Amino acid sequence: MTEGLNPLFNESGISDGAAGASKRLTVLSGPSGVGKSTVVREIRRRHPEVWLSVSVTTRRPRPGETDGVEYHFVDDARFDRLVEADDLLEWAEFAGNRYGTPRGPVESHLRAGQPVLLEIDLQGARQVRGTMPDALLVFLAPPSWEELVRRLTGRGTEAPEVVRRRLDAARVELAAEKEFDMTLVNTSVREVCDDLLALMVAPSV
Ligand SMILES: Nc1ncnc2c1ncn2[C@@H]1O[C@H](COP(=O)(O)OP(=O)(O)OP(=O)(O)O)[C@@H](O)[C@H]1O
Ligand SMILES: Nc1nc2c(ncn2[C@@H]2O[C@H](COP(=O)(O)O)[C@@H](O)[C@H]2O)c(=O)[nH]1
């Protein structure tokens, strides 16, 4: 839980008072398996007006993932072209695959005044901090290291070697928590969503 939140929205969604502040760009980062996608899914279910960027990745789709929904799945050559054309707001290599945020859609949704959410890794969050200093950077932390391992292995989507790489990256990410504007501990998805929505529409943190 986070202290000092300023919940500005009512039961129907983001409130009148949030109109200006909702133009904010929010970045959600945290170690693999902490629950970022779960939280983002719940945010979108409760507040469809929050626009979630769909990243490009060179990772293979997991069973159940659809091109254009969870990610735009691309090959290395296509990713290279996006980088060369400066079409990515940020990008990074994570556990053997590349991931990036298409620039155009983020900029147009921000211009349209919609709250914009990016779910990206630490390296990407650092790049956004550099290029868009007004963005709100939120770190999602696990209740404990043991629970993080349980969630990542329990998800059952990665081979043991990939889990090991992701846990190596998790150690680095957890050590960088202080670089973020705010930490939310993902004990309860509902409570994290309440807090994150409040942060996304608060005039300042
Ligand atoms: N608060 C929670 N309590 C218990 N389990 C949770 C909680 N939040 C998420 N989980 C579970 O943890 C697992 C990992 O969640 P999720 O896939 O959302 O993580 P992630 O941070 O998006 O991971 P990655 O960065 O690898 O994509 C899932 O099985 C999910 O159901
Ligand atoms: N820097 C970026 N990181 C991203 C982006 N999209 C997702 N991610 C992060 O990658 C890891 C692994 O994701 P997974 O779907 O393979 O489990 C995770 O931390 C994501 O948040 C992006 O566009 N840029």
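These numbers were taken from a predicted model, which means no experiment stands behind them. Counting starts at 1 for both ligands and their atoms, in listed order.
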Visitor: Between Val39 and ligand 1, which residue portion shows a heavy-atom distance shorter than 4.0 Å: side chain, backbone, both, or neither?
Guide: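 For Val39, there is no contact with ligand 1 at all, from either part.
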Visitor: Atom 20 (P) of ligand 1: which protein heavy atom is closest, and how many Å away?
Guide: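 Ranking protein heavy atoms by distance from atom 20 (P) of ligand 1, first comes Lys36 N, 3.4 Å.
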Visitor: Using heavy-atom distances only, which candidate in Lys36, His72, Glu90, Gln127 approaches atom 2 (C) of ligand 2 most closely?
Guide: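 Residue with the shortest heavy-atom distance to the ligand atom: Glu90.
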Visitor: Relative to the heavy atoms of Pro31, which atoms of ligand 1 are at a distance of less than 4.0 Å?
Guide: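 Going through ligand 1 atom by atom, the ones under 4.0 Å from Pro31 are 21 (O).
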Visitor: Quick one: nearest non-hydrogen protein atom to atom 31 (O) of ligand 1, plus distance?
Guide: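 Among all protein heavy atoms, the one nearest atom 31 (O) of ligand 1 is Thr38 OG1, 4.1 Å.
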Visitor: Which ligand 2 atoms does Gly124 reach within 4.0 Å, using its non-hydrogen atoms?
Guide: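 Under 4.0 Å from Gly124, ligand 2 has these atoms: 1 (N).
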Visitor: Between Phe94 and Tyr99, how do the two ring planes meet: parallel, tilted or perpendicular, split at 30° and 60°?
Guide: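 Aromatic pair Phe94/Tyr99 classed perpendicular.
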Visitor: Look at ligand 2 and say whether Arg62 reaches it with a heavy atom at a distance under 4.0 Å.
Guide: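 Heavy atoms of Arg62 do come under 4.0 Å of ligand 2.
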Visitor: Students should be able to answer this: which protein heavy-atom is nearest to atom 13 (O) of ligand 2, and at what distance?
Guide: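 Protein heavy atom at minimum distance: Tyr71 OH, 3.3 Å.
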Visitor: Quick test of your reading of the structure: of Phe94, Tyr99, Trp91, whose heavy atom lies closest to atom 16 (O) of ligand 2?
Guide: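 Nearest heavy atom to atom 16 (O) of ligand 2 lies in Tyr99.
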Visitor: Tell me which protein heavy atom sits closest to atom 1 (N) of ligand 1, plus the residue, atom name and distance to 0.1 Å.
Guide: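 Checking every protein heavy atom, the shortest distance to atom 1 (N) of ligand 1 gives Asn186 OD1, 3.0 Å.
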Visitor: Near Ala92, which atoms of ligand 2 are under 4.0 Å from a heavy atom of that residue?
Guide: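 Those qualifying, in numeric order: 1 (N).
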Visitor: With heavy atoms of Arg59 as the reference, note each atom of ligand 2 found under 4.0 Å away.
Guide: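 Once the distances to Arg59 are compared, the set is 14 (P), 15 (O), 16 (O).
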Visitor: Please check whether Arg166 reaches ligand 2 - meaning an N/O of the residue sits under 3.5 Å from an N/O of the ligand, judged on distance alone.
Guide: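 The answer is yes, given that Arg166 and ligand 2 share an N or O pair closer than 3.5 Å.
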Visitor: For Ser32, is at least one N or O under 3.5 Å away from an N or O on ligand 2?
Guide: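 Looking only at distances, the answer is no, because the N/O contact criterion of under 3.5 Å is not met.
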Visitor: Compute the minimum heavy-atom distance from Arg166 to ligand 1 and say whether it is under 4.0 Å.
Guide: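 Checking ligand 1 against Arg166, which is what was asked, there is a heavy-atom contact under 4.0 Å.
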Visitor: Which one of Arg151, Glu119, Arg59, Glu191 has a non-hydrogen atom at the shortest distance from atom 6 (C) of ligand 1?
Guide: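 Residue with the shortest heavy-atom distance to the ligand atom: Arg151.
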Visitor: What residue and atom, counting heavy atoms only, is the protein's closest point to atom 26 (O) of ligand 1, and at what distance?
Guide: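 Heavy-atom neighbour on the protein nearest atom 26 (O) of ligand 1: Ser32 OG, 2.5 Å.
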Visitor: Using the rule side-chain contact (heavy atoms from CB on, under 4.5 Å), only one of Thr101, Leu28, Val40, Leu137 pairs with Leu118; which is it?
Guide: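 One option only clears the test, and that one is Thr101.
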Visitor: To the nearest 0.5 angstrom, please state how far the CE atom of Met200 sits from the CG atom of Leu117.
Guide: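 Those atoms lie 5.0 Å apart.
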Visitor: With a 4.0 Å cut-off on heavy atoms, is Glu119 touching ligand 2?
Guide: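 Yes, Glu119 has heavy atoms under 4.0 Å from ligand 2.
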Visitor: Looking only at protein heavy atoms, identify the closest one to atom 19 (O) of ligand 1 and say how far it is in Å.
Guide: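 That would be Gly35 N, 3.1 Å.
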Visitor: Looking at Arg62, I'd like to know if its CZ atom is crowded, meaning that more than 12 non-hydrogen atoms belonging to other residues, nucleotides or ligands lie closer than 6.0 Å.
Guide: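 Above 12, so yes.
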Visitor: From atom 1 (N) of ligand 2, work out which of Asp121, Ile120, Leu152, Leu122 has a heavy atom at the shortest distance.
Guide: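 Selected option, by shortest heavy-atom distance: Asp121.
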Visitor: Considering only non-hydrogen protein atoms, determine which one is nearest to atom 14 (C) of ligand 1 and report residue, atom name and distance to 0.1 Å.
Guide: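 Its nearest protein heavy-atom neighbour is Gly33 O, 3.4 Å.
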Visitor: Is it the case that ligand 2 has an N or O less than 3.5 angstrom from some N or O of Ser55?
Guide: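 Among all N and O atoms of Ser55, at least one is under 3.5 Å from an N or O of ligand 2.
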